[in-house]
Amino acid sequence: MVKDLFERIQQNKGPLGKWASQAEGYYVFPKLEGELGPRMDFHGKRILNWSINDYLGLANHPEVRKADAEAAQNWGAAYPMGARMMSGHTKYHEQLENELAAFVQKEAAYLLNFGYQGMVSIIDALVTKNDIIVYDVDSHACIIDGVRLHMGKRFTYKHNDLESMEKNLQRATKMATETGGGILFITEGVFGMRGQQGKLKEIVAMKEKYNFRLLVDDAHGFGTLGKTGAGAGEEQGCQDGIDVYFSTFAKSMANIGAFVAADQDIIDYLKYNLRSQMFAKALPMIQTIGSLKRLEILRNSSEIKDKLWENVNALQNGLKDRGFNIGDTNTCITPVYLEGSIPEAMVMVNDLRENYGIFLSIVVYPVIPKGIILLRMIPTASHTMEDINETLAAFEAIREKLTNGTYKAVAEANVENVE
């Protein structure tokens with residue numbers, strides 16, 4: 001007997017979906033209102049927001065808003081119509097690609113409509129069934145989904161573990177020798193949950209011993225790391241060793257879109273084989289021209305990045321001074337690790353939002369191990385020292401409630417346990 005396809009879906013909502021009746025609209029899919037920035041509105045209250053990826057505060061920069069508005073007025077939301085290969089190619093797309101390539105110190109670049117689908121498609125285009133992929137076990141979902149498309153062998157190494165990397169490169173080398181293929185090594189410039197930089201310098205050094213090509217997802221490093229803001233590779237002095245560099249506009253650039261940069265011959269290949277772009281409408285002119293203005297500001301306004309790091313250091317040092325565990329982050333991403341269940345986490349976040357006016361992201365199982373609550377904060381250049389001091393005071397208050405069992409008691413009394 002053939003089962004109804006939807007039977008499984010109706011019976012098992014998934015590890016996160018099972019909380020939907022209690023969480024949706026508040027803990028997940030929250031509705032933030034008002035102008036993007038450190039202070040926004042949530043459920044009728046003014047809150048201090050640590051949950052948007054506008055690292056450099058460009059979302060409301062007056063020059064950016066002006067460029068976006070003028071592009072919308074001049075071109076509308078539809079232009080250009082069609083895929084780049086057919087009818088959607090413009091001089092502005094080319095200009096942005098050239099400027100991005102120069103900024104990240106690569107020969108050429110190619111625009112992508114979205115970061116997620118772009119990364120999936122890049123991996124798919126770069127490898128055949130004879131090739132081997134080696135990637136970090138903590139890789140972002142877009143990398144994991146790209147690897148899922150691969151019909152050949154793949155190996156994961158322990159997160160940022162050099163010994164595990166080498167062991168898997170040895171396995172991949174043996175396998176590739178048998179299949180006649182090559183090796184694609186994938187890591188991140190910055191890991192988005194823990195805030196650690198990928199060990200790019202050490203990985204590049206391994207190329208002297210092993211024959212592989214390196215793909216780096218630097219979504220959180222672009223604009224925030226390196227002397228010029230060119231990312232984790234520049235920060236670690238190994239940008240030349242990155243064969244394929246990827247980043248999104250959805251973080252430091254406060255926009256939609258992404259790009260991939262590499263040697264000219266690799267970009268030429270991707271332009272004609274990257275299915276997510278070949279069969280998709282070109283990036284709209286609003287985003288394209290808007291990103292040109294954002295990149296101009298990023299290149300010429302180093303004081304914005306300086307302000308970002310002033311805030312990052314103040315927040316992270318303040319948390320550490322008060323005994324909070326922020327792991328070994330060495331980037332803007334600021335995780336705070338606490339012990340507790342998902343119901344306790346929900347009560348704690350509710351308390352933060354309703355009684356202290358602090359809004360931040362909560363990360364729980366299955367993204368991280370059971371029994372751990374990760375509160376992730378994203379400092380931006382728009383935050384103030386007043387914002388940071390207010391947040392540190394709130395954290396001291398909630399830690400006491402977590403450790404003395406207040407949140408656990410409330411959770412047991414009021415939060416339905418669906419595990």
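Only this structure's heavy atoms are used, side chains among them; waters, hydrogens and symmetry mates stay out. All values derive from a computational prediction rather than experimental measurement.
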Task: Which residues share a side chain to side chain donor-acceptor pair (under 3.5 Å) with T384, sequence neighbours left out - done: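 Testing T384 for side chain to side chain donor-acceptor pair (under 3.5 Å), a comparison that skips the adjacent residues, returns D387.
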Test salt bridge (Lys or Arg N to Asp or Glu O under 4.0 Å) applied to [X] - qualifying residues, sequence neighbours left out:
| X | answer |
| --- | --- |
| K167 | none |
| R376 | none |
| D54 | none |

By side-chain contact (heavy atoms from CB on, under 4.5 Å) - contacts of [X] (at least two apart):
| X | value |
| --- | --- |
| K305 | L56, W309 |
| S87 | none |
| K45 | E354 |

Task: Audit row: E99, R299, salt bridge (charged side-chain N to carboxylate O under 4.0 Å, His left out) steps and yes/no - done: CA-CA 10 Å; E99 292 189 14; R299 285 195 307 254; 3.0 Å; yes
Measure across [X] and [Y] and return the closest heavy-atom pair with its distance rounded to 0.1 Å.
| X | Y | value |
| --- | --- | --- |
| T228 | E234 | OG1-OE2, 2.8 Å |
| Q287 | I256 | CG-O, 3.7 Å |
| G290 | N255 | C-ND2, 4.1 Å |
| A397 | Y356 | CB-OH, 3.3 Å |
| P379 | L315 | CG-CD2, 3.7 Å |
| L200 | E188 | CD2-O, 4.0 Å |

Less than 4.5 Å apart, side chain to side chain, heavy atoms only: is that true for [X] and [Y]?
| X | Y | result |
| --- | --- | --- |
| F359 | W50 | no |
| V336 | L374 | no |
| V363 | M193 | yes |
| N49 | I52 | yes |
| V260 | L270 | yes |
| F249 | R294 | no |

Strictly below 4.0 Å, N to O, side chains only: are [X] and [Y] in salt-bridge contact?
| X | Y | value |
| --- | --- | --- |
| K209 | E166 | yes |
| D145 | R148 | yes |
| E97 | R84 | yes |
| K307 | E303 | no |

Task: Residue pairs fulfilling salt bridge (charged side-chain N to carboxylate O under 4.0 Å, His left out) with at least one residue in residues 129-141, sequence neighbours excluded - done: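 Matches after skipping sequence neighbours: D138-R194.
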[atom1]-[atom2] distance between [X] and [Y], expressed to the nearest 0.5 angstrom:
| X | Y | atom1 | atom2 | value |
| --- | --- | --- | --- | --- |
| K293 | L298 | NZ | CG | 13.0 Å |
| I133 | H150 | CD1 | NE2 | 4.5 Å |
| C238 | K201 | SG | NZ | 8.0 Å |
| H61 | S301 | NE2 | OG | 6.0 Å |
| I358 | L392 | CD1 | CG | 9.5 Å |
| D243 | L214 | CG | CG | 6.0 Å |

Task: Sole candidate of F114, F222, Y110, F103 that passes ring-ring contact (aromatic ring centres under 6.0 Å, His included) when paired with F259 - done: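 It is F222; the other options fail the test.
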- [ ] Apply side chain to side chain donor-acceptor pair (under 3.5 Å) to S252 and T224, showing your working.
- [x] CA-CA 7 Å; S252 289; T224 68; 5.2 Å; no
- [ ] Could you please spell out the steps behind the salt bridge (charged side-chain N to carboxylate O under 4.0 Å, His left out) verdict for K401 and E396?
- [x] CA-CA 9 Å; K401 296 179 185 179; E396 288 192 277; over 6 Å; no
Establish, from distance only, whether the side-chain atoms of [X] and [Y] form a donor-acceptor pair under 3.5 Å.
| X | Y | value |
| --- | --- | --- |
| D217 | Y245 | no |
| D351 | N355 | yes |
| E344 | S341 | yes |

What donor-acceptor contacts under 3.5 angstrom involve side-chain atoms of residues 274-286, with partners at least two apart or in another chain?
residue : atom : partner : partner atom : Å
S276    : OG   : S121    : OG           : 3.4
Q277    : OE1  : N113    : N            : 3.1
Q277    : NE2  : N113    : OD1          : 3.2
K281    : NZ   : A78     : O            : 2.8
K281    : NZ   : P80     : O            : 3.0

Open item on the list: Taking ring-ring contact (aromatic ring centres under 6.0 Å, His included) as the cut-off, I'd like each qualifying pair that reaches into residues 333-355, sequence neighbours left out, listed once.
Closed with: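 For residues 333-355, and leaving out neighbouring residues, there are no ring-ring contact (aromatic ring centres under 6.0 Å, His included) pairs at all.
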- [ ] Not counting sequence neighbours, list each pair that qualifies as a ring-ring contact (aromatic ring centres under 6.0 Å, His included) and has a residue in residues 68-95.
- [x]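 Of all non-adjacent pairs touching residues 68-95, those that pass ring-ring contact (aromatic ring centres under 6.0 Å, His included) are W75-Y79, W75-Y92.
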Task: Within 6.0 Å of CZ in R213, more than 12 heavy atoms from elsewhere - done: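 Not buried by this count: 12 neighbours or fewer within 6.0 Å.
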Open item on the list: Between F191 and H159, is the ring centroid distance below 6.0 Å?
Closed with: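 So the answer is yes for these two rings.
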Open item on the list: Test your reading of the model: is there a side-chain donor-acceptor pair from S51 to the backbone of S361, 3.5 Å cut-off?
Closed with: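 Checking the backbone N and O of S361 against the side chain of S51, a donor-acceptor pair under 3.5 Å is found.
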Task: Working for salt bridge (charged side-chain N to carboxylate O under 4.0 Å, His left out), residues D218 and K251 - done: CA-CA 10 Å; D218 202 25; K251 305 294 189 292; over 6 Å; no
Open item on the list: Tell me which pairs pass side-chain hydrogen bond (donor to acceptor under 3.5 Å, both in side chains) where either residue lies in residues 256-270, with sequence neighbours left out.
Closed with: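 Every pair satisfying side-chain hydrogen bond (donor to acceptor under 3.5 Å, both in side chains) with a residue in residues 256-270: Q264-D268.
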Open item on the list: Apply side chain to side chain donor-acceptor pair (under 3.5 Å) to residues Y116 and H140 and explain how you reach the verdict.
Closed with: CA-CA 9 Å; Y116 197 107; H140 188 272; 5.8 Å; no
- [ ] Taking the six-membered ring of Y135 (Phe, Tyr or Trp), confirm whether the NZ or CZ of R154 is under 6.0 Å from its centre and within 45° of its axis.
- [x]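 No cation-pi geometry.
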- [ ] Answer yes or no for R353 and F42: cation-pi contact, defined as NZ/CZ to six-membered ring centre under 6.0 Å and angle to ring axis within 45°.
- [x]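 Judged by the rule (NZ or CZ under 6.0 Å from the ring centre, within 45° of its axis), R353 counts as positioned above F42.
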- [ ] Describe, in one word, how the ring planes of F185 and Y157 are oriented to each other, choosing from parallel (under 30°), tilted (30 to 60°) and perpendicular (over 60°).
- [x]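 It falls in the parallel class, under 30°.
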Open item on the list: Please determine whether side-chain contact (heavy atoms from CB on, under 4.5 Å) holds for the pair L352 and I398, giving the CA-CA distance in whole Å, both sets of side-chain angles, and the decisive distance to 0.1 Å.
Closed with: CA-CA 7 Å; L352 269 173; I398 65 159; 3.7 Å; yes
